[in-house]
Amino acid sequence: PIPTKRKILIILAAIIGLMIVLVSVIVLEFFDDSLKKPTKANSILKLPNLGIVPKILLNSRKINLPFIVNRLLENIIQNIEIFLKISKSDKKTETLLFFSTLSHEGKTIVIGNLARKLKMQGKKVLVLNFNRESLHQAEISQTGFTDIPPGSSVTAPVQ
């Protein structure tokens with residue numbers, strides 16, 4: 001029988017396959033332009049990072065989630081106050097921007113909790129919430145297009 005190089009070819013194919021996977025992961029990470037790290041977000045946005053609220057998806061009964069959320073909000077408020085003291089701004093009004101690259105992450109809940117905490121401390125707070133549905137409705141009303149067929153009447157809700 002003539003000896004074959006099957007073992008060498010199998011090992012070579014495994015090494016090449018592993019190298020392709022490693023190179024593709026490194027290339028994808030290198031060209032990833034999302035704001036996953038605070039340092040990258042600071043350098044791109046030219047805005048200081050005052051706090052990060054992690055997304056906790058644990059179903060454990062042992063975690064005191066209200067305590068964790070409250071403590072995180074206190075840390076964010078403390079960082080905001082420190083930043084305002086350091087910046088020595090003469091402005092009476094400060095604007096805070098909350099954003100995320102994904103939708104349905106709980107930004108509105110965090111903003112609401114933060115506003116509630118700030119109001120409890122005696123600060124004046126105004127929360128403006130942007131969502132795509134309101135933008136869509138604004139675009140429709142500006143173009144004069146409505147979803148209501150002509151001839152039908154619609155009453156505005158009383159507030």
Side-chain angles (χ1 to χ4, degrees), residues 15-148 154-159:
I15 291 173
I16 290 173
L18 182 65
M19 292 299 291
I20 290 173
V21 170
L22 284 175
V23 167
S24 63
V25 167
I26 290 171
V27 166
L28 286 174
E29 191 64 31
F30 181 74
F31 289 112
D32 184 16
D33 61 347
S34 62
L35 305 176
K36 291 181 182 176
K37 298 178 184 175
T39 54
K40 187 173 183 178
N42 289 346
S43 65
I44 292 173
L45 298 174
K46 306 291 190 262
L47 295 171
N49 183 12
L50 297 176
I52 297 174
V53 178
K55 189 172 185 178
I56 302 173
L57 296 174
L58 300 175
N59 292 330
S60 175
R61 303 257 183 216
K62 296 179 182 179
I63 294 177
N64 188 358
L65 193 58
F67 174 77
I68 292 171
V69 169
N70 191 33
R71 188 65 188 126
L72 287 170
L73 290 171
E74 288 172 358
N75 284 339
I76 290 173
I77 292 172
Q78 183 180 20
N79 287 340
I80 291 169
E81 290 172 350
I82 290 171
F83 174 75
L84 293 176
K85 285 179 185 176
I86 291 173
S87 67
K88 298 177 183 175
S89 176
D90 294 334
K91 297 187 302 183
K92 292 183 179 180
T93 304
E94 293 294 331
T95 303
L96 302 177
L97 171 68
F98 287 79
F99 76 96
S100 177
T101 56
L102 300 174
S103 60
H104 303 293
E105 286 192 320
K107 295 176 290 294
T108 305
I109 293 171
V110 170
I111 293 168
N113 288 338
L114 188 60
R116 183 177 43 81
K117 283 275 250 195
L118 288 169
K119 284 187 114 179
M120 287 172 50
Q121 293 180 357
K123 300 197 173 33
K124 293 181 181 180
V125 178
L126 173 66
V127 175
L128 301 175
N129 188 10
F130 167 79
N131 60 22
R132 293 190 176 143
E133 290 81 20
S134 65
L135 178 64
H136 179 68
Q137 289 299 325
E139 288 174 348
I140 288 173
S141 65
Q142 288 176 359
T143 59
F145 175 77
T146 61
D147 292 334
I148 305 162
V154 174
T155 58
V158 178
Q159 294 181 347

Engineer: List in chain and number order the residues that pass side chain to side chain contact (heavy atoms under 4.5 Å, CB included) with Ile15, two or more places apart in sequence or in another chain; answer none if no residue qualifies.
Structural biologist: Ile11, Met19
Engineer: Distance from Ile80 atom CD1 to Asn75 atom CG, nearest 0.5 Å?
Structural biologist: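 So the gap between those two atoms works out to 11.0 Å.
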Engineer: How long is the span from the CG atom in Leu28 to the CG atom in Asp32, to the nearest 0.5 Å?
Structural biologist: 8.5 Å
Engineer: Can you sort out the partners of Ile20 under side chain to side chain contact (heavy atoms under 4.5 Å, CB included), two or more places apart, ordered by chain and number?
Structural biologist: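 With neighbours one apart ignored, the set is Ile16.
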Engineer: Name each donor-acceptor pair under 3.5 Å that joins a side chain in residues 115-122 to protein atoms two or more places apart or in another chain, with its distance.
Structural biologist:
unit_1, atom_1, unit_2, atom_2, d
Arg116, NH2, Asn113, OD1, 3.4
Lys117, NZ, Asn70, OD1, 2.5

Engineer: Rounded at 0.5 Å granularity, tell me how far CG in Leu114 sits from CD1 in Ile76.
Structural biologist: 6.0 Å
Engineer: Are there over 12 heavy-atom neighbours, none belonging to Ile82, within less than 6.0 Å of that residue's CD1?
Structural biologist: yes
Engineer: Roughly how far, to the nearest 0.5 Å, is CG of Asn79 from CD1 of Ile86?
Structural biologist: 9.5 Å
Engineer: Please list all pairs passing the salt bridge (charged side-chain N to carboxylate O under 4.0 Å, His left out) test where one or both residues lie in residues 21-30, with sequence neighbours left out.
Structural biologist: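 Residue pairs passing salt bridge (charged side-chain N to carboxylate O under 4.0 Å, His left out), neighbours aside: none found.
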Engineer: Could you tell me which residues satisfy side chain to side chain contact (heavy atoms under 4.5 Å, CB included) with Val23, sequence neighbours excluded, listed by chain and number?
Structural biologist: Val27
